[in-house]
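Protein chains get the first letters and strands the later ones, always in sequence-line order, with residue 1 at the start of each. These numbers were taken from a predicted model, which means no experiment stands behind them.
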Amino acid sequence: MCIATPGLVISVNGDIAQIDYNGSIVTANRGIVDCKKGDYVLVHAGLIIQKLSSNEASDMLDIFNELGEL
Amino acid sequence: MDINDIKIFLREYGGRKLTFMEVCGTHTASIRESGIPSLLSENIRLISGPGCPVCVTVSGYIDRLCELSVKESTCVVTFGDMIRVPGSKKSLADMKALGGNIKMVYSPFEILDLAKKDADTNYIFAAVGFETTTPIYALLLEKIIEEKIENIKLLTALKTMPAAIDHLCKYGITADGFIAPGNVTVISGADSYLELSNKYHLPFVVSGFSAQELLSSIYALVKLEGKARVLNLYGAAKKEANAKAKEKVSKFFEPADAVWRGMGKIENSGLLLKNEYSKYDAGSADLTADHAKNSGCICGKIITGQKEPENCPLFAKICTPENPQGACMISGEGTCFNHYKN
Ligand code: SF4
């Protein structure tokens, strides 16, 4: 039940957002994550649990440089 | 250091034998699907933890859902994963065949429409889950109250992970580090592992779900051996908990002791509805009975990482996904299921 696949927010209306998963549209609650049209989000059982950020890769790189020195 | 260097390092690692526990069932599934154990040196072993919400639910809870499903004017609404989990005698699937009123949904919010369309039926949601799922029930309760819906209740079996890991460290497993689930940490915050990390002087690495992310996390755990350190490799997770989720959950729920399948009662490892919201509770406290349908099932040992599914005499012989004898063979996140499939 914890499978979370990224989807694209195509519209928001109050606490409800429409999410596009490659053409199939689902409704999700955005009560705990501020998101807007165009954001990629992860949805867990009908609740948006996170917005995906674009700078994750560079953060990882820094961490590995640090670990390499251990 | 790129992923190929990491693969070589993990394959050729010749240091002290290390055991890491992946706490989350979704990690167990990805690890098995991507064949990660075969990429690791024999000195690195992965064991699965109690992170599949369906697998840790006790029979007393399932038995209560079964009773409710045949009660007059009552409908049990549940995630699909729960349907085949055996209670002490029957599962919800058995009850459905006997005429029980049971509906499966993808999201708990779907119960709102069901209840509004059929005001004469009492709808009971089988509210299981960990930190990621509990905020959904809080938001659902807000809607129920806002829309003055009188025919929805929750039967809760809500669990929180840190107390269960603490219990395992105290009484059971010898792990050299933990792979913590990224999706749960997005809600609970990476700092939620600090206390445990310091107490047992063990590293926790917060990981995503792809093979690359998992291999990177295992590499990080090897490098952090013996260090009390929480390392977040899941970009979307922060140090702090999601404030809105925390606020909504603490509005409706309070910490309580919880019983875990095969592990017994663990202090403060669960949540129950607060007294002021008891009218939305379908009788969740005290569902503590834990009887395996098949006395040979060793699910309790599996979810605490003490045994592998292959150690169970029923595995793949009597117990298969088509004819499951224990919860670990049912859920897509169950350890036995994942060992059977991959
Ligand atoms: S193989 Fe089946 S019977 Fe054995 S521990 Fe797993 S679920 Fe239980």
side-chain contact (heavy atoms from CB on, under 4.5 Å) assessment of B/Y106 paired with A/V43: CA-CA 11 Å; B/Y106 155 73; A/V43 178; 3.8 Å; yes
Side chain, backbone, both or neither: which part of B/I136 has a heavy atom under 4.5 Å from chain A? both
CG (B/D2) with more than 12 external heavy atoms under 6.0 Å: yes
How would you list, by chain and number, every residue that makes a disulfide bond (SG atoms under 2.5 Å apart) with B/C328, sequence neighbours excluded? none
For chain B, which residues of residues 25-35 of chain A have at least one non-hydrogen atom nearer than 4.5 Å to it? A/N29, A/G31, A/I32, A/V33, A/D34
Partner residues of B/F204 under the ring-ring contact (aromatic ring centres under 6.0 Å, His included) criterion, sequence neighbours left out: B/F178, B/Y193
Between atom CZ of B/F130 and atom NE2 of A/H44, what is the distance when rounded to the nearest 0.5 Å? 10.5 Å
Once rounded to the nearest 0.5 Å, what's the spacing between atom CG of A/L42 and atom CZ of B/F209? 9.0 Å
If the condition is salt bridge (Lys or Arg N to Asp or Glu O under 4.0 Å), which residues does B/K248 pass it with, not counting sequence neighbours? B/E142
Flag if over 12 foreign heavy atoms under 6.0 Å of NZ, B/K116: yes
Residues A/A45 and B/P108: closest non-hydrogen pair is O-CD, 3.4 Å
B/K244 atom NZ, neighbour heavy-atom count above 12 within 6.0 Å: yes
Within a reach of under 6.0 Å around CG of B/N4, are more than 12 heavy atoms found that belong to other residues, nucleotides or ligands? yes
If you look at every heavy atom in B/V186 and A/I49, which pair is closest and at what distance? CG1-O, 3.0 Å
